[in-house]
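Heads up, the thing below is written out as structure tokens.
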Amino acid sequence: MRQLTEEETRVLFEKLAGYIGRNISNLVDSKEQPHVFRLQKDRVYYVPENVARLATSVARPNLISLGACLGKFTKTGKFRIHVTALPILAPNAKYKVWIKPNGEMPFLYGNHVLKAHIGKMSEDIPEHAGVIVYSMNDIPLGFGVSSKSTSECRDMPPTGIVAFRQADIGEYLRDEDTLFT
């Protein structure tokens with residue numbers, strides 16, 4: 001396990017900024033329990049600082065996971081956020097979409113969010129911005145990218161796609177064999 005390089009940190013923060021905006025400072029500058037980002041086998045972990053110090057005594061081949069996995073770097077150097085980052089992204093979300101109960105199952109089965117399933121959404125969501133998808137009971141279900149701005153979504157037909165799904169909590173069941181490998 002090692003610290004992220006300057007380039008890796010820049011790519012990670014650009015990706016996170018798409019979902020949480022300037023709230024990245026909440027992740028980095030926590031006074032009561034400081035956290036750090038660590039890299040292990042192309043995966044980025046969000047770890048409490050005291051746990052990261054203790055983990056240095058474990059050999060790299062023996063260390064499987066540590067903290068919350070935010071995602072992984074691809075071979076081309078891009079960063080891909082995993083569904084395991086949802087508990088970290090959701091409290092700091094900049095743009096949110098709430099879906100009705102009849103839209104929860106299609107979303108959790110891996111489909112995009114349709115306008116017919118929207119219960120409410122944040123105002124002034126721009127096109128292609130990162131959004132966190134919630135149930136009407138404020139339970140985070142996943143995240144994705146908005147297909148259109150909020151004002152354009154109001155004029156869409158009910159079958160139009162409002163948000164492209166990138167990850168949802170149904171992946172824990174669908175991809176349980178490969179999620180942590």
Side-chain angles (χ1 to χ4, degrees), residues 1-53 55 63-99 107-108 110 112-113 121-135 138-150 162-172 175 178-181:
M1 180 180 326
R2 65 171 176 83
Q3 292 182 350
L4 276 67
T5 64
E6 289 286 330
E7 178 65 18
E8 291 167 340
T9 305
R10 184 188 61 76
V11 171
L12 171 67
F13 282 4
E14 283 177 0
K15 190 67 153 186
L16 291 177
Y19 291 96
I20 61 177
R22 295 177 185 231
N23 291 336
I24 291 177
S25 60
N26 295 348
L27 298 180
V28 179
D29 299 333
S30 176
K31 299 291 183 215
E32 54 272 354
Q33 184 163 5
H35 284 69
V36 293
F37 298 100
R38 292 291 184 254
L39 186 75
Q40 170 75 5
K41 298 180 183 173
D42 292 332
R43 295 183 187 273
V44 176
Y45 294 93
Y46 183 62
V47 186
E49 191 173 358
N50 59 347
V51 175
R53 272 192 249 113
L63 188 64
I64 296 173
S65 177
L66 181 69
C69 180
L70 291 180
K72 66 182 268 185
F73 282 101
T74 63
K75 292 183 181 182
T76 59
K78 295 180 182 172
F79 186 72
R80 179 147 190 243
I81 299 180
H82 284 183
V83 68
T84 53
L86 187 61
I88 296 162
L89 295 177
N92 299 304
K94 191 173 177 184
Y95 302 116
K96 302 174 183 180
V97 172
W98 288 266
I99 56 177
F107 181 72
L108 296 178
H112 302 304
V113 179
M121 60 192 303
S122 300
E123 291 297 322
D124 68 355
I125 298 176
E127 188 173 359
H128 303 300
V131 295
I132 306 296
V133 179
Y134 288 88
S135 69
D138 284 334
I139 298 170
L141 300 177
F143 54 88
V145 176
S146 64
S147 65
K148 306 235 185 255
S149 66
T150 304
V162 173
F164 299 114
R165 184 200 71 84
Q166 291 196 333
D168 62 78
I169 56 175
E171 287 182 21
Y172 285 116
D175 300 335
T178 60
L179 189 63
F180 297 108
T181 58

If the threshold is 4.0 Å, N to carboxylate O, is there a salt bridge linking Glu6 and Arg10? no

Val36 and Ala52 have their tightest heavy-atom pair at CG2-CB, 3.8 Å

Any heavy-atom pair between the side chains of Leu63 and Lys41 that's under 4.5 Å? no

Just how far is it from atom OG of Ser65 to atom CZ of Arg43, taken to the nearest 0.5 Å? 9.0 Å

Identify the residue among Tyr45, Phe73, Phe13 that makes a ring-ring contact (aromatic ring centres under 6.0 Å, His included) with Phe37. Phe13

Working to the nearest 0.5 angstrom, can you tell me the gap between Phe79 CZ and Thr9 OG1? 11.0 Å

Does any N or O in the side chain of Thr74 come within less than 3.5 Å of the main-chain N or O of Lys78, such that one atom is a donor and the other an acceptor? yes

With no hydrogens and no angle check, is any side-chain donor or acceptor of Asn92 less than 3.5 Å from a backbone partner on Asn23? no

Could you check whether the rings of Tyr46 and His35 sit parallel, tilted or perpendicular, using 30° and 60° as the cut-offs? parallel

Under the side-chain hydrogen bond (donor to acceptor under 3.5 Å, both in side chains) test, residues paired with Arg165 that sit two or more places apart: Asp168, Glu171

Taking every non-hydrogen atom, the tightest pair across Val47 and Gly67: CG2-CA, 4.3 Å

Between Tyr95 and Phe143, is the gap from one ring center to the other below 6.0 Å? no

Do side-chain atoms of Thr84 reach the backbone of Gly71 as a donor and acceptor pair under 3.5 angstrom? no

So Val145 and Val131, side chain to side chain contact (heavy atoms under 4.5 Å, CB included) or not? Walk me through it. CA-CA 6 Å; Val145 176; Val131 295; over 6 Å; no

Using distance alone, with no hydrogens and no angle criterion, decide if Tyr19 and Gln166 have a side-chain donor and acceptor under 3.5 Å apart. yes

Contact check, side chains of Ile81 and Leu89, non-hydrogen atoms, under 4.5 Å: yes

Report yes if the side chains of Leu66 and Met1 come closer than 4.5 Å at any heavy-atom pair, otherwise no. yes

Determine, step by step, whether Leu27 and Ile20 satisfy the side chain to side chain contact (heavy atoms under 4.5 Å, CB included) criterion, reporting the C-alpha distance in whole Å, the side-chain angles of both residues, the deciding distance to 0.1 Å, and the verdict. CA-CA 10 Å; Leu27 298 180; Ile20 61 177; 3.7 Å; yes

I'd like to check Lys96 versus Met121 (side-chain heavy atoms, cut-off strictly below 4.5 Å). Are they in contact? no

So how far is it from Leu86 CG to Ile132 CD1, rounded to the nearest 0.5 Å? 6.0 Å

Could you check whether any side-chain N or O of Ser147 sits under 3.5 Å from a backbone N or O of Val162, counting only pairs where one atom can act as donor and the other as acceptor? yes

Using the rule given for side chain to side chain contact (heavy atoms under 4.5 Å, CB included), can you reason through Arg38 versus Gln3, listing the C-alpha separation, both sets of side-chain angles and the distance that settles it, and then say yes or no? CA-CA 5 Å; Arg38 292 291 184 254; Gln3 292 182 350; 3.1 Å; yes

Distance from Ile169 atom CD1 to Ile139 atom CD1, nearest 0.5 Å? 7.5 Å

Where the side chain of Thr150 meets the backbone of Ile125, is there a donor-acceptor pair that is under 3.5 Å apart? yes

Residues which pass side-chain hydrogen bond (donor to acceptor under 3.5 Å, both in side chains) with Arg2, listed by chain and number, not counting sequence neighbours: Glu8

Could you tell me whether a side-chain N or O of Ser146 sits under 3.5 Å from a main-chain N or O of Ala129, the two making a donor and an acceptor? yes

Using atom types as modelled and distance alone, determine if a side-chain donor or acceptor of Asp138 lies under 3.5 Å from a backbone N or O of Tyr134. no

Atom CD in Glu123, atom OG in Ser149: separation rounded to 0.5 Å? 11.0 Å

